[in-house]
Amino acid sequence: TGITIRSGSSSSGGIYFSDATSGNAEFDGFIVYNQSSRNLLFGTQQSTRMRIDSSGRVKIGNDFSATADSAATKVGETLDDYEEGTWTPDLQISGSSSGWSYYYRKGHYVKIGHLVHIGCHFYLSGYNNSSSAVRIAGLPFQCDQSGFAWSAPGARRGGGAFSGELLNVYVLDGQTSFPLVHWPHGSHTSGGYNVIQSTIVGSELPTYTEVDITLCYFTAS
(Lines give C-alpha, C1' and ligand atoms only; values in the text may rest on other atoms or scores of the structure.)
Protein backbone atom coordinates (compact mmCIF):
# COMPACT_ATOMS: atom_id res chain seq x y z
CA THR A 1 0.00 0.00 0.00
CA GLY A 2 3.00 2.34 -0.08
CA ILE A 3 6.69 2.78 -0.80
CA THR A 4 9.30 1.96 1.86
CA ILE A 5 12.87 3.27 1.49
CA ARG A 6 15.49 1.47 3.57
CA SER A 7 19.25 1.08 3.68
CA GLY A 8 20.17 -2.12 5.46
CA SER A 9 18.74 -2.03 9.00
CA SER A 10 18.34 1.77 8.99
CA SER A 11 15.09 3.62 8.36
CA SER A 12 17.02 6.69 7.20
CA GLY A 13 16.59 7.53 3.56
CA GLY A 14 15.71 10.17 1.08
CA ILE A 15 14.47 11.20 -2.31
CA TYR A 16 16.84 13.36 -4.35
CA PHE A 17 16.01 15.44 -7.41
CA SER A 18 18.63 16.29 -10.02
CA ASP A 19 18.87 17.10 -13.72
CA ALA A 20 22.10 15.11 -13.98
CA THR A 21 21.92 11.90 -16.04
CA SER A 22 24.83 10.15 -14.30
CA GLY A 23 27.53 10.45 -11.68
CA ASN A 24 27.41 12.35 -8.36
CA ALA A 25 26.40 15.76 -9.69
CA GLU A 26 24.94 18.29 -7.26
CA PHE A 27 21.28 17.57 -6.66
CA ASP A 28 18.65 20.29 -6.95
CA GLY A 29 16.29 19.22 -4.19
CA PHE A 30 15.70 16.52 -1.58
CA ILE A 31 13.37 15.05 1.01
CA VAL A 32 15.33 13.14 3.69
CA TYR A 33 14.41 11.30 6.89
CA ASN A 34 17.20 11.04 9.49
CA GLN A 35 16.73 8.08 11.83
CA SER A 36 19.09 9.23 14.59
CA SER A 37 17.52 12.68 15.01
CA ARG A 38 14.07 11.59 13.77
CA ASN A 39 13.92 14.75 11.66
CA LEU A 40 12.32 15.07 8.26
CA LEU A 41 14.31 17.51 6.10
CA PHE A 42 13.30 19.38 2.95
CA GLY A 43 15.93 21.19 0.93
CA THR A 44 17.21 22.69 -2.28
CA GLN A 45 20.73 23.13 -3.66
CA GLN A 46 22.17 20.81 -0.95
CA SER A 47 20.90 23.08 1.86
CA THR A 48 18.12 22.29 4.34
CA ARG A 49 15.25 24.78 3.95
CA MET A 50 12.69 23.25 6.33
CA ARG A 51 12.88 20.77 9.20
CA ILE A 52 10.13 18.84 11.00
CA ASP A 53 11.35 17.34 14.27
CA SER A 54 10.03 14.31 16.17
CA SER A 55 7.59 16.41 18.23
CA GLY A 56 6.04 17.99 15.14
CA ARG A 57 7.71 21.40 15.41
CA VAL A 58 8.49 23.04 12.09
CA LYS A 59 11.59 25.18 11.57
CA ILE A 60 11.95 27.15 8.35
CA GLY A 61 15.58 27.89 7.48
CA ASN A 62 14.91 31.17 5.69
CA ASP A 63 12.58 33.96 6.81
CA PHE A 64 9.35 35.69 5.84
CA SER A 65 10.99 38.90 4.67
CA ALA A 66 10.09 38.97 0.99
CA THR A 67 9.57 42.74 1.23
CA ALA A 68 11.59 45.89 0.64
CA ASP A 69 13.75 46.95 3.60
CA SER A 70 12.70 49.86 5.77
CA ALA A 71 14.67 53.10 5.83
CA ALA A 72 14.99 52.66 9.60
CA THR A 73 17.75 50.61 11.23
CA LYS A 74 16.95 46.91 10.83
CA VAL A 75 18.04 44.33 13.41
CA GLY A 76 16.17 41.30 12.02
CA GLU A 77 13.44 40.09 9.71
CA THR A 78 12.99 36.54 10.92
CA LEU A 79 9.92 35.45 12.88
CA ASP A 80 11.89 33.76 15.65
CA ASP A 81 9.50 33.32 18.57
CA TYR A 82 5.82 33.29 19.48
CA GLU A 83 4.33 32.53 22.88
CA GLU A 84 1.13 33.24 24.79
CA GLY A 85 0.09 32.43 28.31
CA THR A 86 -1.02 33.72 31.71
CA TRP A 87 0.68 35.47 34.61
CA THR A 88 -0.42 36.59 38.08
CA PRO A 89 -0.28 40.31 38.99
CA ASP A 90 1.07 40.60 42.54
CA LEU A 91 0.75 43.89 44.43
CA GLN A 92 3.80 44.51 46.62
CA ILE A 93 5.23 47.13 48.95
CA SER A 94 9.00 46.94 49.48
CA GLY A 95 8.99 43.45 47.93
CA SER A 96 6.27 42.09 50.26
CA SER A 97 2.75 40.96 49.29
CA SER A 98 1.55 41.22 52.89
CA GLY A 99 -1.91 42.73 53.44
CA TRP A 100 -3.25 42.37 49.91
CA SER A 101 -6.14 40.07 49.07
CA TYR A 102 -8.29 39.77 45.97
CA TYR A 103 -11.79 38.92 44.91
CA TYR A 104 -10.05 37.92 41.69
CA ARG A 105 -6.94 38.72 39.70
CA LYS A 106 -5.70 37.49 36.36
CA GLY A 107 -3.13 38.34 33.71
CA HIS A 108 -2.36 37.26 30.17
CA TYR A 109 0.45 37.91 27.70
CA VAL A 110 1.41 37.48 24.06
CA LYS A 111 5.10 37.51 23.02
CA ILE A 112 6.10 37.99 19.38
CA GLY A 113 9.86 38.08 18.87
CA HIS A 114 11.18 40.47 21.53
CA LEU A 115 7.91 42.40 21.95
CA VAL A 116 5.73 41.48 24.94
CA HIS A 117 2.12 42.63 25.27
CA ILE A 118 0.61 42.08 28.73
CA GLY A 119 -2.77 42.72 30.27
CA CYS A 120 -4.04 42.25 33.82
CA HIS A 121 -7.13 42.86 35.92
CA PHE A 122 -7.48 42.78 39.70
CA TYR A 123 -10.25 43.51 42.20
CA LEU A 124 -9.18 44.01 45.81
CA SER A 125 -10.90 42.49 48.84
CA GLY A 126 -8.21 43.72 51.26
CA TYR A 127 -5.29 46.13 51.14
CA ASN A 128 -2.07 47.28 52.80
CA ASN A 129 -2.89 50.64 54.40
CA SER A 130 0.62 52.02 53.92
CA SER A 131 2.16 55.30 52.85
CA SER A 132 4.81 53.45 50.81
CA ALA A 133 4.78 53.02 47.03
CA VAL A 134 2.95 50.10 45.42
CA ARG A 135 4.47 47.94 42.68
CA ILE A 136 2.90 45.22 40.57
CA ALA A 137 5.23 42.21 40.30
CA GLY A 138 5.10 39.03 38.27
CA LEU A 139 5.75 40.16 34.69
CA PRO A 140 6.38 37.08 32.50
CA PHE A 141 9.62 38.48 31.01
CA GLN A 142 12.25 40.98 32.11
CA CYS A 143 12.14 44.36 30.39
CA ASP A 144 15.15 45.08 28.21
CA GLN A 145 16.36 47.19 25.25
CA SER A 146 17.95 49.88 27.48
CA GLY A 147 14.80 51.88 27.93
CA PHE A 148 11.33 51.76 29.39
CA ALA A 149 7.74 51.49 28.21
CA TRP A 150 4.75 53.61 29.12
CA SER A 151 1.14 52.55 29.06
CA ALA A 152 -2.24 54.22 29.53
CA PRO A 153 -4.36 51.61 31.31
CA GLY A 154 -7.97 52.05 32.21
CA ALA A 155 -8.94 52.08 35.87
CA ARG A 156 -12.31 51.45 37.44
CA ARG A 157 -12.49 52.61 41.03
CA GLY A 158 -14.87 52.29 43.94
CA GLY A 159 -13.55 55.59 45.31
CA GLY A 160 -10.16 56.53 46.69
CA ALA A 161 -7.66 59.35 46.69
CA PHE A 162 -7.20 59.45 42.91
CA SER A 163 -10.70 58.50 41.75
CA GLY A 164 -11.36 59.88 38.27
CA GLU A 165 -7.75 60.91 37.65
CA LEU A 166 -5.38 59.53 35.01
CA LEU A 167 -3.74 56.27 36.05
CA ASN A 168 -0.56 55.12 34.31
CA VAL A 169 2.27 52.60 34.60
CA TYR A 170 5.82 52.26 33.32
CA VAL A 171 8.36 49.45 33.38
CA LEU A 172 12.10 50.13 33.45
CA ASP A 173 14.98 48.26 31.83
CA GLY A 174 15.91 45.13 33.80
CA GLN A 175 12.67 45.01 35.81
CA THR A 176 9.93 42.38 36.18
CA SER A 177 7.70 44.72 38.20
CA PHE A 178 6.38 48.25 37.77
CA PRO A 179 4.94 51.06 39.92
CA LEU A 180 1.48 52.61 39.64
CA VAL A 181 1.46 56.37 39.15
CA HIS A 182 -1.21 59.01 38.61
CA TRP A 183 -1.34 62.65 37.59
CA PRO A 184 -3.54 64.72 39.92
CA HIS A 185 -4.73 68.01 38.43
CA GLY A 186 -3.34 71.17 40.00
CA SER A 187 -4.70 74.68 39.81
CA HIS A 188 -5.91 75.95 36.47
CA THR A 189 -3.64 78.42 34.66
CA SER A 190 -3.84 80.26 31.36
CA GLY A 191 -1.87 77.43 29.79
CA GLY A 192 -4.18 74.71 31.08
CA TYR A 193 -3.80 72.36 34.05
CA ASN A 194 -0.61 71.94 36.02
CA VAL A 195 0.05 68.19 36.13
CA ILE A 196 2.31 66.57 38.73
CA GLN A 197 3.20 62.87 38.62
CA SER A 198 2.50 61.05 41.89
CA THR A 199 3.39 57.48 42.86
CA ILE A 200 0.43 55.56 44.26
CA VAL A 201 0.81 54.28 47.82
CA GLY A 202 -0.96 51.45 49.62
CA SER A 203 -3.60 53.58 51.31
CA GLU A 204 -4.74 54.86 47.89
CA LEU A 205 -5.83 51.37 46.82
CA PRO A 206 -8.59 50.51 49.32
CA THR A 207 -10.88 47.50 49.33
CA TYR A 208 -13.13 47.26 46.23
CA THR A 209 -10.51 48.92 44.02
CA GLU A 210 -10.72 47.43 40.52
CA VAL A 211 -8.01 48.10 37.95
CA ASP A 212 -7.30 47.07 34.35
CA ILE A 213 -3.84 47.48 32.83
CA THR A 214 -2.34 46.91 29.37
CA LEU A 215 1.33 47.40 28.54
CA CYS A 216 3.81 46.66 25.74
CA TYR A 217 7.55 46.38 26.35
CA PHE A 218 10.68 44.73 24.90
CA THR A 219 12.59 41.80 26.33
CA ALA A 220 15.96 40.27 25.40
CA SER A 221 14.78 36.65 25.51
Side-chain angles (χ1 to χ4, degrees), residues 37-45 47-97 100 102 104-122 133-156 166-183 197-200 205 210-221:
S37 65
R38 300 188 181 277
N39 288 339
L40 183 62
L41 312 177
F42 300 80
T44 59
Q45 300 300 315
S47 297
T48 299
R49 308 301 186 184
M50 185 174 77
R51 181 191 311 270
I52 303 176
D53 69 16
S54 59
S55 65
R57 291 182 299 234
V58 177
K59 180 177 181 179
I60 298 176
N62 208 331
D63 58 37
F64 299 92
S65 57
T67 59
D69 290 333
S70 168
T73 301
K74 179 185 69 176
V75 295
E77 289 183 318
T78 303
L79 179 60
D80 56 1
D81 185 44
Y82 176 85
E83 181 177 327
E84 57 183 270
T86 61
W87 65 288
T88 302
D90 187 30
L91 269 66
Q92 296 183 356
I93 292 179
S94 299
S96 172
S97 304
W100 302 102
Y102 308 84
Y104 55 83
R105 56 175 168 165
K106 56 185 178 181
H108 64 272
Y109 71 89
V110 176
K111 180 179 183 290
I112 303 174
H114 295 290
L115 180 65
V116 183
H117 179 85
I118 65 103
C120 71
H121 183 197
F122 59 86
V134 175
R135 298 185 69 87
I136 297 180
L139 286 176
F141 300 94
Q142 185 182 74
C143 180
D144 194 52
Q145 297 298 313
S146 299
F148 57 86
W150 287 92
S151 175
R156 299 198 305 275
L166 178 63
L167 171 66
N168 213 317
V169 296
Y170 60 89
V171 56
L172 297 174
D173 183 29
Q175 299 293 316
T176 56
S177 65
F178 55 89
L180 284 170
V181 296
H182 65 113
W183 281 263
Q197 176 185 329
S198 177
T199 301
I200 293 171
L205 293 173
E210 188 171 14
V211 174
D212 291 300
I213 293 171
T214 59
L215 173 68
C216 287
Y217 65 98
F218 285 96
T219 183
S221 60

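Note that the structure is a prediction, hence the values are computed from the model and not measured.
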Between Q142 and G174 (side chain of the first, backbone of the second, donor and acceptor by atom type, cut-off under 3.5 Å), is there such a pair? yes

Would you please test W100 and Q92 for side-chain contact (heavy atoms from CB on, under 4.5 Å) and show each step? CA-CA 8 Å; W100 302 102; Q92 296 183 356; 5.8 Å; no

Can you check whether L215 reaches Y170 side chain to side chain, under 4.5 Å on heavy atoms? no

Is any side-chain heavy atom of V58 closer than 4.5 Å to one of M50? yes

Given side chains that start at C-beta, do those of D81 and I112 come closer than 4.5 Å, heavy atoms only? no

Carefully, step by step, assess F178 and L172 under the rule side-chain contact (heavy atoms from CB on, under 4.5 Å). CA-CA 7 Å; F178 55 89; L172 297 174; over 6 Å; no

Under 4.0 Å between a Lys/Arg side-chain N and an Asp/Glu carboxylate O for D90 and R135? no

For the side chain of T199 and the backbone of A133, is there at least one donor-acceptor N/O pair under 3.5 Å apart? no

Taking the six-membered ring for Trp and the full ring for Phe, Tyr or His, determine whether the centres of H117 and Y217 are under 6.0 Å apart. no

Measuring only between side-chain heavy atoms, which start at C-beta, is V181 closer than 4.5 Å to I200? no

Test side-chain contact (heavy atoms from CB on, under 4.5 Å) applied to I213 and L180, step by step: CA-CA 10 Å; I213 293 171; L180 284 170; 3.9 Å; yes

Tell me every residue that passes side-chain hydrogen bond (donor to acceptor under 3.5 Å, both in side chains) with D53, counting only those two or more places apart in sequence or in another chain. S55, R57

Within a strict 4.5 Å, meaning less than it, do heavy atoms of the H114 and F218 side chains meet? yes

Is R49 reaching over with its side chain to a backbone N or O of F42, donor-acceptor style, under 3.5 angstrom? no

Does any non-hydrogen side-chain atom of Y102 lie less than 4.5 Å from one of L91? yes

Going from SG on C216 to CG on L115, what distance comes out if it is rounded to the nearest 0.5 angstrom? 5.5 Å

Of all the heavy-atom pairs spanning G107 and P89, show the shortest one and how long it is. N-CD, 3.9 Å

Steps toward side-chain contact (heavy atoms from CB on, under 4.5 Å) verdict (D212, F122): CA-CA 7 Å; D212 291 300; F122 59 86; over 6 Å; no

Supply the atom-to-atom distance I60 CD1 to I52 CD1, rounded to the nearest 0.5 angstrom. 9.5 Å

Measure the shortest side-chain to side-chain distance between I118 and V116 over non-hydrogen atoms and say whether it is less than 4.5 angstrom. yes

What one should report as the nearest heavy-atom pair of S54 and N39 is N-OD1, 4.0 Å

Is the NZ or CZ atom of K111 positioned over F141's six-membered ring, under 6.0 angstrom from the centre and within 45° of the axis? yes

Any side-chain heavy-atom pair from L139 and V171 closer than 4.5 angstrom? yes

W87 side chain to P140 backbone, donor-acceptor under 3.5 Å: no

